[in-house]
Amino acid sequence: MIDRTRGARDLLSSKWRGRLLYLLARGIRRYSRLYDNPPRCSKKMLTDSLRSLERTGLVERHVYAEVPVRSNIPDRARWSATSC
């Protein structure tokens with residue numbers, strides 16, 4: 001139990017990850033919409049945070065033949081994001 005709590009704390013320790021998970025839990029968002037929401041968040045920080053969340057499996061990235069790219073929370077992770 002304590003290990004899972006520490007894991008969750010480490011995952012959300014970034015300044016932007018919690019905010020990004022909150023925005024993504026509200027539905028699929030385009031990169032530009034995510035960039036506009038957290039004030040004073042650089043594109044590099046947003047990209048790094050999204051990649052980190054993607055590595056943990058909380059975010060899936062889908063590339064479409066359009067610009068910008070969309071991101072969303074996969075169904076398997078949606079329950080854990082909404083139960084917090």
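Note that the structure is a prediction, hence the values are computed from the model and not measured. All residue numbers refer to positions in the sequence shown, counting from 1.
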S.K.: Would you compute the distance between atom CE of Met45 and atom CG of Leu20 and round it to the nearest 0.5 angstrom?
M.R.: 10.5 Å
S.K.: For the atom pair OG1 (Thr56) and CZ (Arg51), what is the distance rounded to the nearest 0.5 Å?
M.R.: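 Reported to 0.5 Å precision, the distance equals 14.5 Å.
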S.K.: A side-chain contact here means heavy atoms from C-beta on lying under 4.5 Å apart; do Leu24 and Leu58 qualify?
M.R.: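 Not in contact.
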S.K.: Under a 3.5 Å distance rule, please check whether Ser49 uses its side chain to pair with a backbone N or O of Leu46 as donor and acceptor.
M.R.: no
S.K.: Less than 4.5 Å apart, any side-chain heavy atom of Leu53 and any of Arg17?
M.R.: yes
S.K.: With rounding to the nearest 0.5 Å, note down the distance linking CH2 in Trp16 to CG in Leu34.
M.R.: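 The distance works out to 12.0 Å.
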S.K.: Output yes when a side-chain donor or acceptor of Thr47 lies under 3.5 Å from a complementary backbone atom of Lys43, and no otherwise.
M.R.: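 At least one qualifying donor-acceptor pair exists.
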